[in-house]
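Okay, structure first, notes after.
Reminder, nothing fancy here: chain letters follow the sequence lines and each chain counts from 1.
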Protein chains: 2
Amino acid sequence: MTRESGDGRKRSRQADQAVSPNSGSPRKAGGLKEVAARAGTSIPTASRVLNGLGDEYRISRRTQELVRNAAKELSFSPNLLAKSLRLGSTRTIGLVLPDVGNPFFAAIARAVSIEAHARGYSVVLCDSGDDTGREVELLEVIMNRRPDGLVVVPVGQKCSHLQRFESSDTPLVLVDRSFAELRLPSITSDNRQGARDAVDHLIECGHSNVACLRGLAGTTPNELRVQGYREALEAHGIAFDERLVCGDGFGKEAGRRAARALLDSGVRFTAVFALSNLIGIAALELLLEAGRRVPEDVSLLSFDEQPYSSVLAVPMSTVRQDPAEMGRLAVAMVCDRIGKPGAAMPASVVVPTALVTRRSVAVHP
Amino acid sequence: MTRESGDGRKRSRQADQAVSPNSGSPRKAGGLKEVAARAGTSIPTASRVLNGLGDEYRISRRTQELVRNAAKELSFSPNLLAKSLRLGSTRTIGLVLPDVGNPFFAAIARAVSIEAHARGYSVVLCDSGDDTGREVELLEVIMNRRPDGLVVVPVGQKCSHLQRFESSDTPLVLVDRSFAELRLPSITSDNRQGARDAVDHLIECGHSNVACLRGLAGTTPNELRVQGYREALEAHGIAFDERLVCGDGFGKEAGRRAARALLDSGVRFTAVFALSNLIGIAALELLLEAGRRVPEDVSLLSFDEQPYSSVLAVPMSTVRQDPAEMGRLAVAMVCDRIGKPGAAMPASVVVPTALVTRRSVAVHP
DNA sequence: ATGAAAGCGCTAACAC
DNA sequence: GTGTTAGCGCTTTCAT
């Protein structure tokens, strides 16, 4: 079956459009003008009916029928561009992420997308690739499309480009990371407590030399997790040893480098706390390659629960976050603020984490 | 610091806007009108300059300067809605996926997003949640936003809602899955060959009883992988045994059910071929729970290479796909077709897969 | 070298 | 009950 076999659809289309919309099947989606023409009404009348204002405007049942039928027959497709331009509202939410490929952010993206559509919004997705420069660019591009709201997982330390949103008509909600110097609402995990719980657990299992494999310096999740780590040590009267803290990145490669540095440093440690799923994997991989048994020689506990956490070389104890809930909440918060320019900034939300214990942590003699 | 401490920005804005744009800092982004006013030119002139048509229209250097400065000072933000409406082009690509949470689709989403932005397009993301009904709805909603092109990873068997795109001004490219009855270009993995290679490998390792844990019935990736599986058996003179084929879904839960069914059936098998990453994980989990040693008792090979593949309970042999390349190609293909309504449908592209061998497959005596 | 006018598809204010 | 008019912010003839 070749393309030409399509029974002349293409050829007939032009005629349909220009002269009369009388063809049997709804070939090409029509706009309000075509619908009005076919229904024999004016354009505003058709508009009112199709927006459910028929009764309010006391348009006769008959006319309403006519319009609705015409719309169906022409498979009416409202031009949301025109509507948005007129209404000053696009029913669109901009989403800026460091990397949709990362399962944690992917889960956020999914929740945002689903929740947004449930509320009648579409989502414009931007991947900043963990690059602040790109983030700035993307934010600009996306603002030119006049979204009704923004959900942003910012990257890096720079946040001057977000200042304008402190007093903007476009509500913005930060997710996963936040900035102390910015009065913007955020949805974050309870990173400090999550880390605190994790390291408490390690210490209670008898580990007093706990290494920490960090994520990207300067980001709130990283700093707060490190803080939780330090607090746990302190609470148990263990001195902080900076030689036990390595790494500068949440990715797998950064994780490998960090783990290698730790190993090469020769410092003694019996447990490792990895600050992301990918760092955890990298650590496990490298430890095993180096001939260390987990958890007999060294225990391992990682941030981020994943579908595969239970079936790793050694089933991993993790700190579970709830990215889906975070995405959902972010959209809810943005939507609540849309159309209320003067409203007070909502309070930031901290989503609790949960410790999942498996076999990667051993009780130390 | 409360919200009111913002030095009266909000109050001063109205005045700025109505009277003169003379305030020092560029508080509020301005449109073409404001720029023209500040530059002392007409709106069309400002438009031409800012679209790089200044020289073409022989607008004086001085005026051009004036306009550009005004644009900078007001931090000009072109209203893309108005522009799109006028131009009949939104520079937007619609992306419809079954589940951004799945790392395979997430990788596609990432590639699409990055490639699209590199070409000056924005991406509208829709998550169909593996539900055909939602897919239909989303496609409608998204079309109302008049995207210049569409990238779709369709779900399920139904494809009548995609027929209109065989002869639509909006180019559509299918990714991962395709439909024999549809004349639409697609980008897919070489599923048949990938499966063929995998099962050939298993057989060459001495396995003649190879079970197959299927994905969603009726989808091309699933059917082609099963076909590759059967071809491999046939090529080696092994009879197909349908009791060895279980499952109906690509997710982890479906995978667990399939693996359990296989185990419970009591059929003898020494190797399992899992048709997705999540099925692979589920199978590994269940096999281990059931006390089977992998690969000593049963070998395992799964579709989809992942960052954790090497560090699973037993390092997994996999069939690697290239979702990033698929997403990139899809965008390239869509963009090439934008604005060429009459152009011939491009040929579909099949992206090769690669077999990655690890320890989950044992050479059978 | 630049401006005036029309129009993209829609909705809201105001007629009658 | 329904139509007319104006305008959202832009680009594009066409005129000067």
Set of side chain to side chain contact (heavy atoms under 4.5 Å, CB included) partners for [X], sequence neighbours left out:
X         : result
Leu174(B) : Val152(B), Pro154(B), Leu162(B), Leu172(B), Phe179(B), Leu184(B), Ser186(B)
Thr90(A)  : Ser84(A), Thr92(A), Arg146(A), Asp148(A), Leu81(B)
Val123(A) : Leu95(A), Val112(A), Ala116(A)

Requested in this report: Give one of base, sugar-phosphate or nothing for Thr63(B), where a contact means two heavy atoms less than 4.0 Å apart.
Outcome: sugar-phosphate
Query raised in the report: How would you label the contact of Leu87(A) with the nucleic acid (heavy atoms, under 4.0 Å): base, sugar-phosphate, or nothing?
Result: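 Sugar-phosphate contact only.
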Query raised in the report: Side-chain N or O of Ser42(A) less than 4.0 angstrom from OP1 or OP2 on dT4(D)?
Result: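 Answer is no, no contact under 4.0 Å.
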Report task. Give a yes/no on whether any side-chain N or O of Thr45(A) is located under 4.0 angstrom from OP1 or OP2 of dG3(D). Result ->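 Affirmative; the distance criterion is met.
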**Report entry** Salt bridge Asp55(B)-Arg61(B), side-chain N to carboxylate O under 4.0 Å
**Finding:**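 Salt bridge flag = yes for Arg61(B) with Asp55(B).
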Report task. Residues of residues 50-60 of chain B with any non-hydrogen atom less than 4.0 angstrom from an atom of DNA chain D: list those, numerically ordered, please. Result ->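 Per residue number, the list reads Asn51(B), Tyr57(B).
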Report task. List for me each residue that meets side chain to side chain donor-acceptor pair (under 3.5 Å) alongside Arg68(A), sequence neighbours excluded, and say none if there are none. Result -> Gln64(A)
Report task. Compare the minimum distances between each of dG9(C), dT12(D), dT5(D) and the side chain of Pro44(A), then state the nucleotide with the smallest one. Result ->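 Taking heavy atoms from C-beta onward, the closest nucleotide is dT5(D).
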**Report entry** Among dC10(C), dG3(D), dC10(D), the one nearest Lys83(A) by side-chain distance
**Finding:**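 When the side chain of Lys83(A) is considered, dC10(C) is the closest of dC10(C), dG3(D), dC10(D).
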Report task. Using atom CG of Leu66(B) as one end and atom P of dT2(C) as the other, report the distance to the nearest whole Å. Result ->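 Those two atoms, CG and P, are 10 Å apart.
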Report task. For Lys33(B) and dG3(C), give me the distance from atom NZ to atom P, rounded to whole Å. Result ->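 Between P of dG3(C) and NZ of Lys33(B): 17 Å.
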Requested in this report: Return the 5'-most residue of the pair Ile43(A), Asn79(B) with respect to DNA chain D, ranking by each residue's nearest nucleotide.
Outcome: Ile43(A)
Query raised in the report: Has the side chain of Arg48(A) got a donor or acceptor atom sitting under 3.5 Å from an opposite partner on the base of dG3(D)?
Result: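 Checked by distance alone, the answer is yes.
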Donor-acceptor pairs under 3.5 Å, side chain of residues 43-50 of chain B to any protein atom, not counting sequence neighbours: which ones?
residue	atom	partner	partner atom	Å
Thr45(B)	OG1	Ser42(B)	OG	3.1

